[in-house]
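In what follows, a single structure is set out as structure tokens and then discussed.
Note that the structure is a prediction, hence the values are computed from the model and not measured. In what follows, chains carry the letters A, B, and so on, assigned in the order in which the sequence lines appear, proteins first and then strands, with residues in each chain numbered from 1. Just so you know, these numbers use all the heavy atoms, side chains as well, and skip hydrogens, waters and symmetry mates.
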There are 2 protein chains.
Amino acid sequence: MSPLKVVTPDGTFTTGPDTTERLLTPGEVARIFGVDPKTVNRWALTGRIPSVRTPSRQRRYRESDIRTLLNGG
Amino acid sequence: MSPLKVVTPDGTFTTGPDTTERLLTPGEVARIFGVDPKTVNRWALTGRIPSVRTPSRQRRYRESDIRTLLNGG
DNA sequence: TCCAATTGGGGTAATTAGGGGA
DNA sequence: ACTGTCCTAATTACCCCAATTG
């Protein structure tokens, strides 16, 4: 699978969101930072981590966002 | 940058942050060394112990780093 | 459908960061 | 130089139960 491409009005191409990137569950992110999964969700609620929502309102986190935070975000 | 791993829900590993090792809280490290958590905090500030920061700026400590120090690191 | 594990949301007790001073 | 204690504000852990996941 490859990243999405978008055709602009002038005919050029631009890359879209990379849908191949793995999404991490709250539990996985929690183990990475050594905190409770509920804490990870609180980070999402307070805007400290961008989150993706499943159709049933559960949260998933982009690996690149987590990596950025680990590097001092 | 060091190779990192992520534990997926089905137990497999994939490229990402290393979660194979447990992170210890300041209180846990303090009990190990028999000191006040505040002292552990200062060890991190003065660079005596490497620390991982949560998005909320709390500190967590890698078990391997603690073991190294216990062995005279 | 059943089942075990995870997640979300609410509420409360415990822990942590940071500054200051002994 | 190093540590323990006091203080407040912020953050987190643990409890419940219902819903979702795989």
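In this structure, the side chains of A:Arg42 and A:Val35 stay at 4.5 Å or more apart for every pair of heavy atoms.
Of the residues listed (B:Val40, B:Val29, B:Asp65, B:Val52), the one engaging B:Leu24 in a side-chain contact (heavy atoms from CB on, under 4.5 Å) is B:Val29, and it is the only one.
Heavy-atom contacts from other residues, nucleotides or ligands closer than 6.0 Å to CZ of B:Arg57 number 12 or fewer.
Taking atom CG on B:Leu24 and atom C1' on C:dT16, their separation rounds to 15 Å, with Å as the unit. Following rounding to the nearest Å, B:Arg31 (CZ) and C:dT15 (C1') show an atom-to-atom distance of 10 Å. Whole-Å rounding puts the A:Arg60 CZ to C:dT7 C1' distance at 8 Å. C:dT12 atom C1' lies 12 Å from atom NZ of A:Lys38, rounded to whole Å.
Closest approach to the B:Gln58 side chain among D:dT12, D:dT3, D:dT21 is made by D:dT12 (side chain taken as heavy atoms from C-beta onward). With distances taken from any side-chain atom of A:Arg59 to the nucleotides D:dT12, C:dG9, D:dT3, the minimum falls on C:dG9.
Residue B:Thr25 has a polar side-chain atom (N or O) positioned under 4.0 Å from OP1 or OP2 of C:dT16.
Panel note: side chain B:Ser56, backbone B:Gln58; no donor-acceptor pair is recorded below 3.5 Å.
Among the heavy atoms of the strands lying under 4.0 Å from B:Asp36 is at least one base atom, whether or not backbone atoms are also near. Residue A:Arg42 is classed as a base contact, given a heavy-atom separation below 4.0 Å to a base.
Salt-bridge annotation for A:Arg22 and A:Glu28: present, with a side-chain N of the basic residue lying under 4.0 Å from a carboxylate O of the acidic one.
Of all the heavy atoms in B:Leu23 and A:Phe33, the pair that sits closest is CD1-C, 3.5 Å.
A single hydrophobic cluster is not seen to contain both B:Ile66 and A:Ile32; linkage of ILVMFWY side chains at heavy-atom distances under 4.5 Å, directly or through other members, places them apart.
With a cut-off of 3.5 Å on both pairing distances, the Watson-Crick or G-U wobble partner of C:dA22 is D:dT3. Pair assignment for C:dC2 gives none, since no Watson-Crick or G-U wobble pairing has each distance under 3.5 Å.
Contacts with DNA chain D (heavy atom under 4.0 Å) in residues 43-57 of chain A: A:Trp43, A:Arg48, A:Ser56, listed by number.
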